[in-house]
Amino acid sequence: RILKPGSWFGELSTLDGRPRPQEAVAFEPTTLLQIDQKRFDDLAAEEPLLFHDIALLTCRNQRRALAFIAHNAAPIRVRLAKAILSAASATGHNRIKMRQAELAAIVGISRQTLNKELKVLESAYFIEVKYAELVVKDEAGLRSI
């Protein structure tokens, strides 16, 4: 998943002490705060509600994981159309400034597969591919996918 500023991750290992089940990759310069297990345990001893908050975070991330599994069960073109529409909605206009590596990661495909799918959408006049940018030309067409 793609995390935004202020996001937390790694709570499973904090709760059960086992190795982290994922790794993190930054697409841009990032500041990361890591709290080691002993420090977390000390904080939790001072503030017992910390475990409640971590449990809520774990539940939220579990729900996201289930949604991600359902999302990846959909065909690639459907996932790509949804990602493009979501990005356009987030920006409030039809120009999406996003690197293809990031879009490929969101959709869960390789850059090569992404390029093939973008060409299909562009040939149908649903989008226009520009350098580091996508332009939505036919929102209804993307929604029909």
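There is no path of hydrophobic side-chain contacts, each under 4.5 Å, that joins Leu118 to Tyr131. Linking Ile, Leu, Val, Met, Phe, Trp and Tyr whenever their side-chain heavy atoms come within less than 4.5 Å leaves Leu134 and Val120 in two separate clusters.
Ser123 contributes a side-chain N or O that, together with a main-chain N or O of Lys119, makes up a donor-acceptor pair within less than 3.5 Å. No side-chain donor-acceptor contact under 3.5 Å links Arg99 to the backbone of Ala132. A donor-acceptor pair is defined here as one N or O able to donate and one able to accept, closer than 3.5 Å; no such pair exists between the side chain of Asp138 and the backbone of Phe126.
Judged by distance alone, the side chains of Glu11 and Asn61 do bring a donor and an acceptor atom under 3.5 Å apart. Looking only at atom types and distance, the side chain of Ser86 has no donor-acceptor partner in the side chain of Ser89 under 3.5 Å away.
Contact between Ser13 and Gln37 at its shortest, heavy atoms only, is O-OE1, 3.7 Å. In terms of heavy-atom proximity, Pro21 sits nearest to Leu12 at CG-CD1, 4.2 Å. Here the closest non-hydrogen pair linking Val135 and Glu133 is CG2-OE1, 4.2 Å. Between Val129 and Glu122 the shortest heavy-atom distance is N-OE2, 2.9 Å.
Annotation: Phe9, atom CZ; neighbour count of heavy atoms from other residues, nucleotides and ligands within 6.0 Å does not exceed 12. Within a 6.0 Å radius of NE2 in His93, other residues, nucleotides and ligands contribute more than 12 heavy atoms.
None of Leu121, Ile127, Ile145, Thr113 except one satisfies the side-chain contact (heavy atoms from CB on, under 4.5 Å) rule with Leu80; the exception is Leu121.
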